[in-house]
Amino acid sequence: MERRKWRAALDLTPADIAFANACPMLFQGLEQQRGAAMTAEVDFTSQAFFRDPAAGVERLRALGPVVATRFPIVGKVWITTTYEATARVLKDGETFTLRKEGGGLAGLRWWMPSFVAALANNMLTMDEPDHTRLREIVDEAFRRRAVLDMEPRIRAIADDLAGELFADGSPADLVARYARTLPLSVICELLGLPLADRPKFIAWANTVARLAGVTDFLRMIGGLWPMRRYLEERLRLAREHGGEGLIAELVRVEMEGGRISASEMVSMVFLLLGAGSETTTHLISGSVYELLRNPGLRDWLAADWSRGNLAVEEFLRFVSPVQFSKPRFVRRDIELDGVRLKKGDRVMAMVAAANMDPEAIEAPGRLDLQRRPNRHISFGTGIHFCLGHQLARLEGLCALQALFTRWPGLRLAVEPAQIRWRKRPGLRSIEKLPVVAGPQPTFGVRG
C-alpha cells in the first residue's frame with residue numbers, strides 16, 4: 001500500500017508519514033487485515049527499532065491493539081501493542097497456550113533438531129498442569145538457596161569486575177568485560193558450577209547473543225549439543241556425590257519425590273543458566289548506556305544509592321531487554337480488543353509495547369528514575385512470572401553501584417549515535433559499549 005493510502009486508512013499525521021519515510025526498513029508495508037487489525041511488515045532487528053523503541057511501538061499501536069506481522073524464525077504471528085492486550089495474553093493460559101492441542105510448541109519449526117526441542121521442553125514452554133509441577137520443584141530449590149542472601153557475594157563480584165574494567169586497556173567494552181561477565185559469574189556460583197568451567201559458558205553466551213536469524217540459529221545449534229552433554233554430566237555427579245548449589249538442590253528435590261524426568265531436569269538447568277544471565281546482561285548494559293547519556297540522572301543516583309531500587313524498576317521498564325513473550329497458540333475463535341483471532345493463530349505478547357503504553361504509564365517515553373508507581377511487566381505476569389526477578393533486580397543494583405562508585409567519571413568513548421544493537425529479534429541487546437574513565441564529554445548528552 002502506498003504511504004498516502006496509509007494516512008487515509010489510519011488518519012496518520014505528517015510526523016507519522018515522515019517517520020515512515022525516514023525508516024523504510026522498519027515499516028516496509030501495511031495492508032488491511034481481518035477485523036480492525038492491520039498487517040505490518042516490520043523489521044524488528046533494525047537499528048531504528050532498537051534505538052528508539054518508544055517511537056516504533058507508537059507507530060505500531062496506531063495500527064491497532066493487535067497487529068499481524070511476520071517475526072524472524074517464528075513466521076506469521078499476531079503481536080499485541082497495548083498494556084491490556086499484552087497482559088491478557090500472558091494471563092489467559094486457557095485461551096493462549098504455549099502448546100498445540102497435540103503438545104507441539106508454538107515457536108518450534110519442523111527443521112529444528114530434536115535435541116533443540118528437548119532443551120526447549122522446560123517450564124517456560126509448558127501450560128498447566130505441567131508448568132506448576134516443574135515450577136514447584138525449582139521454587140523449592142530456590143527457597144533452599146536463599147537468593148537474597150547472595151547479595152554480599154554479588155557485590156563482591158561486581159566490585160572485582162569493576163576494578164578490572166580497564167585492565168586490558170582503554171577504552172573497554174563494558175558489555176564483554178562487565179555486563180556479560182557479572183551475571184554469568186553469579187549464575188555459575190548459584191548453580192554450583194566449577195570456576196574453571198566459566199569460560200565455556202561465556203563462549204556459549206556470546207554464541208547465543210549473536211542469534212539474529214536462521215543462519216545464526218544453525219550455528220548456535222553446534223554449541224548446544226556439547227552444552228547439553230556437560231549439564232547431563234554435572235547432574236550425574238550431583239546425584240552420585242551431592243554438592244552445593246542449585247543443581248545439587250534440584251537433585252535433592254528430585255530424589256525426595258519431585259516429579260521430573262531426566263530430560264526435564266537437563267532442560268531446567270539449561271533454562272536457569274540462560275535465563276539467569278542473558279537478559280540481566282542487557283539490563284545492565286542498557287541501564288549504563290542511559291546513565292552515560294544522561295549525566296544528570298547518573299549524578300542524582302550516585303548521590304544516594306538508597307534510590308537504586310526505584311531506579312532499577314524504571315530501567316526494567318525503559319530498557320525492556322525482553323521485548324516479546326514466547327509465541328502462543330489461540331485455542332478458540334475470539335476477539336482481542338476488537339480484533340478477531342482464529343483458532344490456531346499464533347500470538348506474541350509485546351512486553352516492550354506494554355511498558356510504553358500511555359494508557360497505563362504516564363509519559364512512557366521519559367526515563368524517570370523516581371517513577372512511582374511503576375506498572376512495567378518486564379518480568380511478565382500470570383503463571384509465567386519470572387522466577388529470577390529478585391536475582392535480576394539485585395544484580396542490576398549491585399552492578400550500577402559498583403561501577404559508578406569505582407568509576408564516577410565513566411563516559412562513553414564514542415558518540416551515542418555510534419552505539420549499535422545486535423540484530424537479535426525480541427531481545428534489546430547492545431552489541432558493544434566502549435567506555436573510558438574521565439570527565440563527561442560535551443557531545444550527545446542530555447541533562
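- The pair Arg155-Glu151 counts as a salt bridge, with a side-chain nitrogen and a carboxylate oxygen less than 4.0 angstrom apart.
- Taking every heavy atom of both residues into account, Asp357 and Pro364 meet most closely at C-CG, 4.2 Å.
- A salt bridge links Asp130 and Arg133; the closest N-O separation between the charged side-chain nitrogens and carboxylate oxygens is under 4.0 Å.
- Side-chain atoms of His282 do not come within 3.5 Å of backbone N or O of Leu427 as any donor-acceptor pair.
- Side chains of Tyr230 and Asp197: a donor on one and an acceptor on the other come within 3.5 Å.
- For the pair Arg51 (side chain) and Ile419 (backbone), a donor-acceptor distance under 3.5 Å is present.
- In this structure, Tyr178 and Val435 have side chains that are not in contact, with every pair of non-hydrogen atoms separated by 4.5 Å or more.
- In this structure, Arg180 pairs ionically with Glu278, as a charged nitrogen and a carboxylate oxygen lie closer than 4.0 Å.
- With hydrogens and angles disregarded, a donor-acceptor distance shorter than 3.5 Å links the side chain of Arg346 to the backbone of Lys76.
- In terms of modelled atom types and a separation under 3.5 Å, the side chain of Arg307 and the main chain of Trp300 share a donor-acceptor contact.
- Each of Leu410, Asp299, Leu301 was scored for a side chain to side chain contact (heavy atoms under 4.5 Å, CB included) with Phe404, with one residue passing: Leu410.
- Residues Asp139 and Arg135 are paired through a salt bridge, judged by an N-O separation under 4.0 Å between the basic side chain and the carboxylate.
- Counting only heavy atoms from C-beta outward, the side chains of Val89 and Leu336 approach each other to under 4.5 Å.
- Between Glu359 and Thr82, the closest side-chain pair of non-hydrogen atoms is not below 4.5 Å.
- Side-chain contact check for Pro194 versus Arg234: some heavy-atom pair is nearer than 4.5 Å.
- In this structure, the side chains of Asp368 and Glu314 come closer than 4.5 Å at one or more pairs of heavy atoms.
- A heavy-atom distance below 4.5 Å is not found between the side chains of Asn355 and Arg375.
- Within the 3.5 Å criterion, the main-chain N or O of Pro183 finds no donor-acceptor partner in the side chain of Thr280.
- Ring pair Phe385/Phe379 is perpendicular by interplanar angle, where above 60° counts as perpendicular and below 30° as parallel.
- Between the side chain of Arg177 and the backbone N or O of Glu164 there is at least one donor-acceptor pair closer than 3.5 Å.
- Under the 3.5 Å distance criterion, with hydrogens and angles disregarded, a donor-acceptor pair is assigned to the side chains of Thr132 and Glu128.
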* Run the ring-ring contact (aromatic ring centres under 6.0 Å, His included) check on Tyr289 and Trp421 step by step: do they pass? -> CA-CA 12 Å; Tyr289 170 70; Trp421 283 258; 5.7 Å; yes
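- Side-chain polar atoms of Arg332 and Thr95 form a donor-acceptor pair below 3.5 angstrom.
- For Arg428 (side chain) and Ser320 (main-chain N/O), no donor-acceptor pair under 3.5 Å exists by modelled atom type.
- The closest side-chain heavy-atom distance from Leu341 to Asp333 is not below 4.5 Å.
- No donor-acceptor pair closer than 3.5 Å links the side chain of Glu249 to the backbone N or O of Leu246.
- The main-chain N or O of Phe315 is never found under 3.5 Å from a side-chain atom of Ser287 such that the two would form a donor-acceptor pair.
- Using modelled atom types and a 3.5 Å distance limit, the side chains of Ser46 and Asp43 yield no donor-acceptor pair.
- Under a 3.5 Å cut-off, the side chain of Thr81 and the backbone N or O of Gly64 do form a donor-acceptor pair.
- Looking at Glu189 and Arg153, a side-chain N of the basic residue comes within less than 4.0 Å of a carboxylate O on the acidic one, giving a salt bridge.
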